Amino acid sequence: MLAETPKDLLRAAAEAARNAYAPYSGFAVGAAAQTADGSVFTGANMENASHGLTVDAEMGALQAASTAGKLSEIVQIAVVGGRMEAGERNRAVVTPCGRCRQLILEAAHLGARDIDVWCADLDLTSIHRFKISELLPHGFGPANLGMG
Ligand code: THU
């Protein structure tokens with residue numbers, strides 16, 4: 001684990017994952033976004049019998065930050081996940097899906113900064129840091145729309 005690893009943020013994401021509503025996939029994900037002033041906004045995946053309506057953990061965390069007026073202030077986000085059955089756990093880190101990468105990139109564009117994305121398994125035994133620019137290179141953003 002790197003010295004600068006934000007353990008509290010990763011723990012907040014793991015705590016959020018405990019409230020995942022994921023009866024269909026059995027896969028819990030938690031996310032915790034931290035803003036420049038130290039505020040933390042969390043989310044957990046929320047599935048639906050109509051599977052396509054599932055809300056991802058990152059979406060919840062980003063929405064909460066946005067509702068607080070702090071979407072532009074996100075500096076890092078932790079994403080942790082894994083199978084809910086203890087016996088099925090593995091140590092693979094969870095990286096954000098394509099849609100969530102696009103949502104994180106919007107916050108990065110808004111704040112004019114590259115956001116750190118800390119990815120881990122549910123038990124925080126494997127931790128990997130990415131930049132959103134690395135997870136979604138050449139991403140579509142406001143500039144493509146002729147804005148800013
Ligand atoms: N999931 C997330 O919450 N975030 C991601 O970035 C990837 C996938 C959720 C959706 C679904 O409830 C479960 O993980 C399995 O795909």
Side-chain angles (χ1 to χ4, degrees), residues 1-2 4-36 39-142 144:
M1 202 182 287
L2 296 170
E4 71 271 32
T5 299
K7 292 181 192 164
D8 288 349
L9 192 67
L10 285 153
R11 284 194 201 103
E15 184 65 31
R18 293 170 59 130
N19 290 325
Y21 173 65
Y24 307 108
S25 70
F27 194 85
V29 183
Q34 188 168 43
T35 53
S39 303
V40 172
F41 301 92
T42 59
N45 55 329
M46 181 179 70
E47 298 185 345
N48 190 276
S50 175
H51 292 197
L53 294 180
T54 289
V55 177
D56 284 1
E58 299 91 321
M59 293 166 67
L62 293 166
Q63 172 75 68
S66 184
T67 301
K70 297 185 178 182
L71 189 60
S72 67
E73 295 172 34
I74 294 172
V75 293
Q76 57 184 351
I77 182 166
V79 181
V80 316
R83 299 208 56 80
M84 295 162 100
E85 282 294 326
E88 297 177 2
R89 292 278 171 85
N90 69 23
R91 293 183 167 205
V93 305
V94 168
T95 54
C97 74
R99 183 172 198 251
C100 290
R101 292 178 194 201
Q102 182 70 31
L103 295 175
I104 295 167
L105 187 68
E106 183 78 15
H109 281 140
L110 200 56
R113 61 164 69 82
D114 208 354
I115 291 176
D116 281 331
V117 184
W118 293 88
C119 301
D121 63 309
L122 271 187
D123 299 316
L124 309 184
T125 50
S126 307
I127 298 171
H128 197 106
R129 180 180 64 175
F130 299 94
K131 297 280 183 187
I132 189 58
S133 61
E134 182 186 357
L135 292 174
L136 187 54
H138 311 291
F140 184 82
N144 297 100

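Both counts, for ligands and for their atoms, begin at 1 and track the order of listing. A quick note: this is a predicted structure, and the numbers were derived from the prediction, not measured. Along the sequence shown, residues are numbered consecutively beginning with 1.
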- Going through the checks in order, is the side chain to side chain contact (heavy atoms under 4.5 Å, CB included) test met by Arg129 and Glu4? CA-CA 10 Å; Arg129 180 180 64 175; Glu4 71 271 32; 3.6 Å; yes
- Query: So Thr5 and Leu10, side chain to side chain contact (heavy atoms under 4.5 Å, CB included) or not? Walk me through it.
  - Reply: CA-CA 9 Å; Thr5 299; Leu10 285 153; 3.4 Å; yes
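Distance alone, capped at 3.5 Å, places no donor-acceptor pair between the Asp123 side chain and the Thr125 backbone. Checking side-chain atoms of Asn144 against main-chain N and O of Gly141 turns up a donor-acceptor pair under 3.5 Å. Judged by distance alone, the side chain of Thr67 and the main-chain N or O of Gln63 form a donor-acceptor pair under 3.5 Å.
Distance screen at 4.0 Å: atom 14 (O) of ligand 1 has a protein heavy-atom neighbour inside the cut-off.
For ligand 1 and Ser25, the ligand atoms under 4.0 Å from any heavy atom of the residue are 13 (C), 15 (C). The Glu58 neighbourhood of ligand 1 comprises atoms 2 (C), 3 (O), 4 (N), 5 (C), 6 (O), with distances under 4.0 Å to a heavy atom of that residue. Atoms of ligand 1 found under 4.0 Å from any heavy atom of Pro96 (numbered from 1 in listed order, with element): 6 (O).
Protein heavy atom at the shortest distance from atom 7 (C) of ligand 1 is Cys97 CB, 4.0 Å. Looking only at protein heavy atoms, the nearest one to atom 2 (C) of ligand 1 is Asp56 CG, 3.4 Å. Of the protein's heavy atoms, Ala57 N, 3.0 Å lies nearest to atom 3 (O) of ligand 1. Nearest non-hydrogen protein atom to atom 9 (C) of ligand 1 is Asn45 ND2, 3.6 Å.
Distances from atom 12 (O) of ligand 1 to the heavy atoms of His51, Arg83, Glu47, Arg99 show the closest one on Glu47.
Residue pairs meeting the side chain to side chain donor-acceptor pair (under 3.5 Å) criterion with at least one member in residues 104-113: none, sequence neighbours excluded.
No more than 12 heavy atoms of other residues, nucleotides or ligands shown are found within 6.0 angstrom of CZ on Arg18.
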